[in-house]
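Below, chain A is the first sequence line, B the second, and so on; all start at residue 1.
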There are 2 protein chains.
Amino acid sequence: MAPRSAGKNAESSDKVGVICRALRRAIIEQALEPGAKLPEDSLGERFGVSRTIARHALGQLAAEGLVELRRNRIAVVATPSWQEARDAFDIRIQLERLVVRQLAGKLSKSQVATLNAHVDAEDAARGGKDAVSIRLATEFHILLAHMTSSPILVRYVSEVAYRCCLTLSLYSRPHSTECAINEHRAIIAALVKGDEDKVMGLMHTHLDSVANRALVTPAPQRGRDLLDILAPYAEEGESERVVKLPKVVRAR
Amino acid sequence: MAPRSAGKNAESSDKVGVICRALRRAIIEQALEPGAKLPEDSLGERFGVSRTIARHALGQLAAEGLVELRRNRIAVVATPSWQEARDAFDIRIQLERLVVRQLAGKLSKSQVATLNAHVDAEDAARGGKDAVSIRLATEFHILLAHMTSSPILVRYVSEVAYRCCLTLSLYSRPHSTECAINEHRAIIAALVKGDEDKVMGLMHTHLDSVANRALVTPAPQRGRDLLDILAPYAEEGESERVVKLPKVVRAR
DNA sequence: CCGCGTAGAAGTGCATGCAATTCGGGCGCG
DNA sequence: CGCGCCCGAATTGCATGCACTTCTACGCGG
């Protein structure tokens, strides 16, 4: 009767949820790099379940955009393109503006304490591995989302935050998370103060700067599978991607 | 060349995708009302596949929030609370602001034509069943999202739009979609004109008014399964929902 | 007449088995 | 020496089977 955590809805109560959480964590801590293979049997064996369950878990993760599922192919950890990364951050900014707008001036003392404790933990982890810092920073934002008590907001913020986390591991060099921590403290302070506009702006610039610092190079190629890069050029039948954005649409 | 939408990623290529799309459509057209049971065998039989596949499809739909999955229980079409509905619309507004911001002044002629054709179809359906009108209106927004060529944006907008559609069927009385059509036309016009702020405002007020018109009554009980409404009161052990939002948090 | 317990039916949770497809390497040919 | 082909191993796609849980309706006692 111990681990009856909470009434999640989709994927949680059973072994599927365990696998999902484990893989999510492994992915955002870069124990599993983008492109890493995830064979169903191996997963099943590793977690002591059958392929059926592992498969189901992969399905869920694919729905979240963390893994890529190609028919009859081994599932792999997703490798978001640079543009997708940018889009993810744009979405994230909007969602988190919503979060802090709802939270401004509404935090209880215990919630503030929880947030401060988390940032302290981030601080403590500054010397350690970069991946851990990134994970903690991400979890700070998810913690905020949880405090809205809006399941939908939690779900979307979590998802998109994980995605961003994944892209960070792809495109960012091992760099400073220091200033981000200060920005987290500033956000907490502004939330307590209760100025909606202020805290929304703070969150906006915070995420925007993280994105800009991370996504410096618009060149996605990273030496990784150049074979994959050439794929769109190889297939010349049923070209939909090529004709659909004739260089105008995607400009922005 | 009609329904060959695009290379989806998670769930599309096979039978699972077929079932998902069919159920999604049935749900948003209210052929399946919120609370309707979805037994795995029946689905499997209906679509000519095994329970395994039906189960997987239900998992995907659950991840999208369209169905509810409780352990050892028959899956049911989701019944979002009033608050969840409101949250979904808030999120949707932000996402779609992003959509039209990216699209303003960037639409090709053929895209404009496609949009106009769709609105014409909406117009033509005005006499018909209410559910069809709602579906078409929803699809207009998804069509817009597609034109951004941003897979992530498409995914999230679609998901949240379907959710909103679901809540509309729950909380709104059979009422006017007429003005919504005019607003769609206005949005297209503003997109062509290219004024970002204008079109963002237009979209904002459009969705907001739809939400306000639909979610008039903060009273969620609708005569439906009052047995379900009493559920949280019945279980007095492990009360998490009750203690977690002691009327302060959820105020906003 | 109504509540209550209980057994059968219905349904889910999960593993396993088999067919189909892809992967990987060795062999033959140019 | 390089390149393409082909065959076995690896892996996925899917259905079926069995154990366990929940639902339902019947019969019994009050």
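Nucleotide dA10(C) holds its P atom 19 Å from the CG atom of Leu38(B), rounded to whole Å. Following rounding to the nearest Å, Leu69(A) (CG) and dT22(C) (C1') show an atom-to-atom distance of 15 Å. In this structure, Lys37(A) places its NZ atom 14 Å from C1' of dT12(D), rounding to the nearest Å. Atom CZ of Arg70(A) and atom P of dT11(D) are 14 Å apart (whole Å). Following rounding to the nearest Å, His56(A) (NE2) and dC14(C) (P) show an atom-to-atom distance of 9 Å. Here the C1' atom of nucleotide dG17(C) and the CG atom of Asp41(A) are 13 Å apart, to the nearest Å. The distance between atom CD of Glu40(B) and atom C1' of dC14(C), rounded to the nearest whole Å, is 11 Å.
Between the side chain of Glu84(B) and the backbone N or O of Pro151(A) there is no donor-acceptor pair closer than 3.5 Å. Under a 3.5 Å cut-off, the side chain of Arg86(B) and the backbone N or O of Ala211(B) do not form any donor-acceptor pair. Side chain of Arg51(B) to main chain of Pro39(B): no donor-acceptor pair is present (N/O by atom type, distance under 3.5 Å, no hydrogens or angles).
The salt bridge (charged side-chain N to carboxylate O under 4.0 Å, His left out) pairs that include a residue from residues 141-152 of chain A number zero, where partners must be two or more places apart or lie in different chains. The salt bridge (charged side-chain N to carboxylate O under 4.0 Å, His left out) contacts involving residues 132-149 of chain B comprise Glu29(B)-Arg135(B), Arg135(B)-Glu139(B), where partners must be two or more places apart or lie in separate chains.
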Quiz prompt | Gln94(B) vs Asp90(B), side-chain hydrogen bond (donor to acceptor under 3.5 Å, both in side chains): CA-CA, chis, key distance, verdict | solution = CA-CA 7 Å; Gln94(B) 297 306 316; Asp90(B) 282 344; over 6 Å; no
Letter by letter from the 5' end, nucleotides 14-22 of chain D scores (B base, S sugar-phosphate only, - none; protein heavy atoms under 4.0 Å) BBBB---SS
